[in-house]
> 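Sharing a structure here in structure tokens format.
In the text below, chain A, chain B and the rest are named by the order of the sequence lines, each starting its count at 1. The model shown is predicted, which means the values in this text are computed figures rather than measured ones.
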Number of protein chains: 2
Amino acid sequence: MPSSLDIAIVGATGLVGELLVELLEERHFPVGTLHLLGSGEAIGHALPFKGRNLRVRDLDAFDFAQVRLVFLAGEATRAAALDARLTAAGCSVVDLSGGLDPATLTWVVAEANGERLVDLTPPLRIGNPCAPAILLAAALAPLCPLLSLQRVTVTACLAVSSRGQEGVGELARQTAELLNARPLEPRVFGGQMAFNLLGMVDTADGEGHGCLERRVHDELRALLGLPGLEVAVTCIQVPVFFGDSLSVSVLTGEAPDLAQVRARLADAEGLELAEGDDCPSVVGDAVGQDVIHVGRLRGGLHDPRELNLWIASDNVRKGAALNAVRSAELLIKHYL
Amino acid sequence: MPSSLDIAIVGATGLVGELLVELLEERHFPVGTLHLLGSGEAIGHALPFKGRNLRVRDLDAFDFAQVRLVFLAGEATRAAALDARLTAAGCSVVDLSGGLDPATLTWVVAEANGERLVDLTPPLRIGNPCAPAILLAAALAPLCPLLSLQRVTVTACLAVSSRGQEGVGELARQTAELLNARPLEPRVFGGQMAFNLLGMVDTADGEGHGCLERRVHDELRALLGLPGLEVAVTCIQVPVFFGDSLSVSVLTGEAPDLAQVRARLADAEGLELAEGDDCPSVVGDAVGQDVIHVGRLRGGLHDPRELNLWIASDNVRKGAALNAVRSAELLIKHYL
């Protein structure tokens with residue numbers, strides 16, 4: 001058995017791609033050769049990895065048969081266009097782009113359903129769920145043995161970094177323009193983002209649902225193994241640089257014992273449950289952290305079957321790159 | 001019968017108080033003498049009204065027997081302390097402060113339950129509901145004849161102006177400090193407000209619910225006349241100067257006909273229903289407007305009994321001052 005794995009990262013210069021490189025080093029992932037891939041202006045850009053500078057190479061010229069594992073970050077359309085090459089090369093893939101056909105992927109959040117990877121045979125096609133689904137699955141999975149979850153209603157407040165560096169730059173630019181009383185011209189988002197909320201993060205389908213909202217619904221059901229779970233989801237864009245916040249209301253089959261629920265969440269892997277009246281927020285608590293912060297755990301004002309909570313987490317780290325690396329850590333047991 | 005009414009406004013120099021003065025003029029309210037009242041630094045401050053400058057006088061020295069109607073804006077504790085004087089003077093009161101005993105008030109949102117004022121005998125004690133309850137009641141009341149509402153789950157995203165001028169100043173100050181890389185010291189809010197969300201807007205009771213969250217629950221039930229309605233509510237503070245945004249998910253007794261729901265909301269008084277995929281936002285659509293903007297009307301992703309919508313409205317105007325003036329317009333029919 002080899003002691004390391006050759007790996008490629010597609011979209012290495014985006015917010016998520018750069019963090020993938022950092023996390024592979026930080027977590028001592030058994031990397032043999034690491035290939036950073038990109039296209040256009042990204043080619044030639046260098047990223048530090050284990051004391052060296054690795055240059056981003058042209059994705060189109062790369063032979064994926066050189067690697068066993070590919071992280072697909074960056075644009076969904078580009079990832080979709082690579083699918084045939086990846087399949088022909090026989091690599092395992094962790095798709096962070098949302099570009100591969102969801103029906104061909106196994107959705108994984110290590111804390112929620114990591115054991116699903118044990119019995120599969122490589123090459124594996126792992127789907128990295130969207131950030132709200134990762135956070136919800138990690139927070140709700142520990143409750144599944146205790147409660148019969150029937151309905152999850154969530155408002156997911158997404159940071160502008162969910163749109164990459166472009167989103168971050170746009171909020172900074174708009175804020176400065178407004179504070180200096182200069183006219184504002186929205187570019188990345190559908191309207192003014194500074195000091196405003198947008199009630200929609202992508203485009204609506206014929207029934208009015210956003211693409212990301214459908215992903216949260218489908219992926220949460222798959223991750224929790226609850227195909228009948230009702231999931232009502234609204235994704236909104238908020239003027240926050242980093243960190244997603246989720247307002248969650250859960251209906252259960254019978255009245256939950258709040259002390260038991262609290263104990264489960266306090267013990268759960270990857271979660272940090274706030275004590276007493278503390279309410280975690282993305283700035284100050286969650287950004288840059290590996291854990292998901294959970295707070296405001298409370299029952300209903302009237303209905304004993306209701307459970308409410310607030311989730312704050314780093315969308316780029318916990319909601320994307322770290323989850324992918326954790327899936328890869330489970331996956332490599334098949335190779336090493 | 002007189003043709004006008006002598007009126008006092010307590011807390012006239014706050015955001016809501018100043019707008020009350022503006023709206024009384026703008027809506028040609030039949031004002032006889034208008035007394036602006038305040039305490040401390042507010043005394044002596046002048047506000048324009050019908051071409052004159054009215055000075056704020058000392059609340060403590062005022063004889064409420066001079067007026068028939070009092071708008072109570074400003075701090076809840078001050079309003080509570082005035083209750084005995086108001087009762088002794090026999091004035092009708094519209095309480096915008098939340099300070100009077102809720103059990104003694106009739107909650108009114110003109111579009112939802114204005115007819116409740118018809119059969120009452122003055123002096124009346126009218127409660128101006130909290131902004132999220134006003135917006136929810138106005139948006140959901142038109143649906144009550146059509147649907148059996150069973151549960152409303154709402155995340156109310158409150159602008160910093162819900163904390164008055166102090167909240168507005170704090171967000172501006174923090175934003176400028178951060179953009180200039182100066183250290184940030186939170187004063188008004190419990191943490192950093194700029195580029196952050198706070199999952200709690202006041203302090204939690206023993207069960208973890210905020211005071212405002214209980215108000216939304218209780219007041220919405222009263223306004224819709226649905227004492228059995230389940231209301232799950234989370235109020236959060238967002239880095240927006242003006243305008244509240246509500247993410248709302250409703251469960252109904254049977255599957256709603258979305259075309260009928262759309263038609264009802266499109267015809268409803270005080271609402272502006274967005275067409276097609278347009279999603280209204282507070283900046284650009286709602287702030288400064290008398291109407292409540294409703295968008296993203298859609299069913300459930302799976303459950304046919306689910307109805308989702310997004311509400312954006314001016315919290316100071318529609319969510320406070322305008323609603324109070326509209327209640328007063330109904331109330332004065334008892335006097336004039």
> Where is the tightest heavy-atom contact between Leu171(A) and Phe195(B), given as atom of each residue plus distance?
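Of all heavy-atom pairs spanning Leu171(A) and Phe195(B), the closest is CD2-CD2, 3.9 Å.
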> Against chain A, label Leu251(B) side chain, backbone, both or neither, depending on which of its atoms sit under 4.5 Å from a heavy atom there.
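It is the side chain, since no backbone atom gets that close.
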> Do the side chains of Asp277(B) and Thr203(A) get nearer than 4.5 Å, heavy atoms only?
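The answer is no; the side chains never approach within 4.5 Å.
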> Could you look at Thr175(B) and say if it's the side chain, the backbone, both or neither that has a heavy atom under 4.5 Å from chain A?
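Contact with chain A involves both backbone and side-chain atoms of Thr175(B).
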> Rounded to the nearest 0.5 Å, what's the gap from NE2 on His302(A) to CG on Asp218(B)? Could you check?
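Those atoms lie 10.0 Å apart.
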> Look up atom CD in Glu230(A) and atom CZ in Arg305(B), then write down how far apart they are to the nearest 0.5 Å.
8.0 Å
> Once rounded to the nearest 0.5 Å, what's the spacing between atom CE of Met193(A) and atom OG of Ser281(B)?
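Between Met193(A) CE and Ser281(B) OG, I get 9.0 Å after rounding to 0.5 Å.
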> Select, from Gly300(B), Ala204(B), Ser247(B), the one with the greatest count of heavy-atom pairs under 4.5 Å involving chain A.
Ser247(B)
> Do you know which of His217(B), His209(B), Met200(B) has the most heavy-atom pairs under 4.5 Å to chain A?
His209(B)
> What are the two closest heavy atoms between Gly199(B) and Cys279(A), and how far apart are they?
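Looking at all heavy atoms of both residues, the shortest contact is CA-SG, 3.5 Å.
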> Does any backbone or side-chain atom of Thr153(B) lie under 4.5 Å from a heavy atom of chain A? Answer side chain, backbone, both or neither.
side chain
> Are any non-hydrogen side-chain atoms of Arg298(B) and Thr234(A) less than 4.5 angstrom apart?
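They are in side-chain contact.
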> May I ask you to name which of Ile236(A), Leu258(A), Val248(A) has the most heavy-atom pairs under 4.5 Å with chain B?
Ile236(A)
> Which atoms of Leu179(A) are under 4.5 Å from chain B, going by heavy atoms: the side chain, the backbone, both sets, or neither?
side chain
> Using only atom types and a distance under 3.5 Å, with no angle test, would you say the side chain of Asn196(B) pairs donor to acceptor with the backbone of Val283(A)?
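Side chain of Asn196(B) to backbone of Val283(A), a donor-acceptor pair under 3.5 Å: yes, one is there.
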> Is chain B contacted by the side chain of Asn308(A), its backbone, both, or neither, given a heavy-atom distance below 4.5 Å?
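Side chain only.
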> Pick one of side chain, backbone, both or neither for Val238(B), based on which atoms fall under 4.5 Å of a heavy atom in chain A.
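When you check distances to chain A, only side chain atoms of Val238(B) fall under 4.5 Å.
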> Considering only heavy atoms, which portion of Arg151(B) lies under 4.5 Å from any heavy atom of chain A: side chain, backbone, both, or neither?
side chain
> Using heavy atoms and a sub-4.5 Å threshold, report which of residues 157-166 of chain B line up against chain A, by residue number.
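So far as heavy atoms go, Cys157(B) are the residues that approach chain A to under 4.5 Å.
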> Rounded to the nearest 0.5 Å, what separation is found between the CG atom of Asp244(A) and the CG atom of Leu197(B)?
9.5 Å
> Does Val231(A) reach the side chain of Leu301(B), with side-chain heavy atoms less than 4.5 Å apart?
no
> Indicate yes or no: does Arg296(B) engage Glu213(A) in a salt bridge with an N to O separation below 4.0 Å.
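Here Arg296(B) pairs with Glu213(A) in a salt bridge, since their nearest N and O are under 4.0 Å apart.
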